[in-house]
Engineer: 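Would you mind keeping the following structure in view while I ask a few things?
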Amino acid sequence: MKVGFVGLGIMGKPMSRNLMKAGHQLVVYDIVQSAVDEIVAAGAARGASAADAAARSEVTITMLPDGPEVEAAVTGPAGVLEGASAGSIVVDMSSISPLAAQGVAAACAAKGVEFLDAPVSGGEPKAIDGTLAIMVGGKQEVFDRVLPLFQCMGSSATLTGPVGAGNVTKLANQIMVAINIAGVSEALVLAAKAGLDPEVVFNAVKGGLAGSTVLNAKAPMIIGRNFKPGFRIRLHQKDLRNALLAAESMKVSLPFTSLAQQVLIALMNNGRGDLDHSAIATFIEDMAKTEVRK
Ligand code: NAD
């Protein structure tokens, strides 16, 4: 397929590489030239703008930080909708608020362009491996047309409901991940303060009920003092903000999500917003004056 790809950050780069590996023809665009240069060197065509990338494609994928960037890149000047032809498809794979996704879908529909919201889980390692979990909102027939592309980037793609449902599912995912990392952090700080080797504790518990993908991915990073992102604190703060806004609109109370959100805001104020979200541990460490180290 001819695929436009807009947004070549931590996730967009490996996802676009996997599409090319499977034989799809890509036209790529990002506001950062060096990111475009890198993917053009790997075989993609250079888009002059998001509109240009869309004009030369049947499906245009966006992988951008948040709703305002997606709105700008799709509905703004020189955006996707200035180039996309009727009958083509826009697939936003960013994690944005479900309401923002529905707004962008309406703008697409007004031009006869189909839309799916299809956020992902798995982070950079699974983006590189092509094993992301993809959560999709939209029409079944549009999902079926895009499925071959999803299969190049992910090991699962699930249609969870109409447009917006992909992002509701992703917010649910982000709540589980944030609170799990917070729990792992408190547990490892307690063990370290008690004088135990955190790696021994990690190995002792990982096969039991406390074991999780989050524990396996993040405990080694915390113990190894490796907070290179991965998934940035500021992006997780954005996701929990979107979750709390959606929850408020539905009168749902999310006490633990609110608490995790306060921790993420404090970490951003401490200059840690661009660290991996495993650095939630540093907030607990600061309060206990104890580092989790081998
Ligand atoms: P990133 O900040 O590394 O990349 C975003 C890219 O978008 C950058 O290259 C930036 O230059 C580009 N950009 C911003 N505005 C633009 C515009 N108007 N037009 C064109 N390009 C523009 O972010 P990321 O980590 O790749 O995350 C992207 C999305 O995926 C986010 O919504 C994030 O929440 C989600 N996500 C990330 C991870 C992860 O582990 N990194 C995991 C799952 C989901």
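Since the structure is predicted, the reported quantities are computational estimates derived from the model, not experimental observations. Just so you know, ligand 1 is whichever comes first in the structure, and atom 1 is the first atom listed for that ligand. Side-chain atoms are counted along with the backbone in the values below, which use heavy atoms only and exclude waters and symmetry mates.
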Engineer: Any heavy atom of Ala50 closer to ligand 1 than 4.0 angstrom?
Structural biologist: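 Heavy atoms of Ala50 never come under 4.0 Å of ligand 1.
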Engineer: What's the separation between atom CG in Leu240 and atom CG in Leu171, rounded to the nearest 0.5 Å?
Structural biologist: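 Reported to 0.5 Å precision, the distance equals 8.5 Å.
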Engineer: Does any N or O atom in Val120 lie less than 3.5 angstrom from one in ligand 1, N or O only?
Structural biologist: no
Engineer: Do NZ/NE/NH1/NH2 and the carboxylate oxygens of Glu38 and Arg17 come within less than 4.0 Å?
Structural biologist: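 A salt bridge links Glu38 with Arg17.
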Engineer: If you measure every N/O of Ile10 against every N/O of ligand 1, is any gap under 3.5 Å?
Structural biologist: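 Looking only at distances, the answer is yes, because the N/O contact criterion of under 3.5 Å is met.
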Engineer: Please check this pair: side chain of Asp276 against backbone of Phe231, looking for a donor-acceptor N/O pair closer than 3.5 Å.
Structural biologist: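 At least one qualifying donor-acceptor pair exists.
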Engineer: Considering only non-hydrogen protein atoms, determine which one is nearest to atom 19 (N) of ligand 1 and report residue, atom name and distance to 0.1 Å.
Structural biologist: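 Sorting protein heavy atoms by distance from atom 19 (N) of ligand 1 puts Ile31 CG2, 3.8 Å first.
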Engineer: Need the ligand 1 atom indices (1-based, order shown) with element for anything under 4.0 Å from a heavy-atom of Ser94.
Structural biologist: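 The list of qualifying atoms is 32 (O).
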Engineer: Answer side chain, backbone, both or neither: which part of Ala35 comes under 4.0 Å from ligand 1, heavy atoms only.
Structural biologist: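 For Ala35, no heavy atom sits under 4.0 Å from ligand 1.
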Engineer: Decide if atom NZ of Lys206 counts as having more than 12 heavy atoms of other residues, nucleotides or ligands within a radius under 6.0 Å.
Structural biologist: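 Enclosed: over 12 neighbouring heavy atoms sit under 6.0 Å from NZ of Lys206.
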Engineer: Side chain or backbone, does Lys238 bring an N or O within less than 3.5 Å of an N or O on ligand 1?
Structural biologist: yes
Engineer: Consider every N or O of Pro65 and every N or O of ligand 1, then say whether any pair is closer than 3.5 Å.
Structural biologist: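 Yes, there is a polar N/O contact under 3.5 Å.
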Engineer: Answer yes or no: does an N/O atom from Tyr29 fall short of 3.5 Å to an N/O atom of ligand 1?
Structural biologist: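 N/O-N/O distance under 3.5 Å: no.
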Engineer: With a 4.0 Å cut-off, would you call Arg46 and Asp30 a salt bridge?
Structural biologist: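 Looking at Arg46 and Asp30, the cut-off is not met.
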Engineer: Tell me whether ligand 1 is touched by Lys170 - counting only heavy atoms on the residue side and a distance under 4.0 Å.
Structural biologist: yes
Engineer: Between Glu58 and Lys2, is there a salt bridge with N-O shorter than 4.0 Å?
Structural biologist: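 Glu58 and Lys2: not salt-bridged.
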Engineer: For Lys13 and ligand 1, answer yes if some heavy atom of the residue is under 4.0 Å from a ligand atom, otherwise no.
Structural biologist: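 It does not; every heavy atom stays at 4.0 Å or beyond.
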Engineer: Give the atom numbers and elements of ligand 1 that come within less than 4.0 Å of a heavy atom of Glu124.
Structural biologist: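 Near Glu124, meaning under 4.0 Å from one of its heavy atoms, ligand 1 has 40 (O).
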Engineer: Considering heavy atoms of the protein only, find what lies nearest to atom 23 (O) of ligand 1 and give residue, atom and distance to 0.1 Å.
Structural biologist: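 Its nearest protein heavy-atom neighbour is Leu235 CD1, 4.0 Å.
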Engineer: Tell me, which protein residue and heavy-atom name are nearest atom 7 (O) of ligand 1, and how many Å apart are they?
Structural biologist: Leu64 CD2, 3.5 Å
Engineer: Which ligand 1 atoms does Ser95 reach within 4.0 Å, using its non-hydrogen atoms?
Structural biologist: 32 (O), 34 (O), 35 (C), 44 (C)
Engineer: Are the side chain of Ser97 and the backbone of Ala100 linked by a donor-acceptor contact shorter than 3.5 Å?
Structural biologist: yes
Engineer: With only distance considered, is Val32 within less than 3.5 Å of ligand 1 through an N or O on each side?
Structural biologist: no
Engineer: So which heavy atom in the protein is nearest atom 41 (N) of ligand 1, and how far is it from that ligand atom?
Structural biologist: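 Of every protein heavy atom, Gly230 O, 3.2 Å lies nearest to atom 41 (N) of ligand 1.
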Engineer: Which of the numbered atoms in ligand 1 are under 4.0 angstrom from any heavy atom belonging to Val6?
Structural biologist: 20 (C)
Engineer: Would you say Lys170 and Asn167 are linked by a side-chain donor-acceptor pair, where the criterion is simply a distance under 3.5 Å?
Structural biologist: no
Engineer: Out of Arg232, Gln174, Arg234, His236, which one pairs with His277 under the side chain to side chain donor-acceptor pair (under 3.5 Å) rule?
Structural biologist: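 With His277 as partner, Arg232, Gln174, Arg234, His236 yield a single side chain to side chain donor-acceptor pair (under 3.5 Å), made by His236.
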Engineer: Considering only non-hydrogen protein atoms, determine which one is nearest to atom 4 (O) of ligand 1 and report residue, atom name and distance to 0.1 Å.
Structural biologist: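 Here the nearest protein heavy atom works out to Gly9 CA, 3.2 Å.
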Engineer: Could you tell me if Gln140 and Asp144 have a donor-acceptor pair between their side chains, going purely by distance under 3.5 Å?
Structural biologist: yes
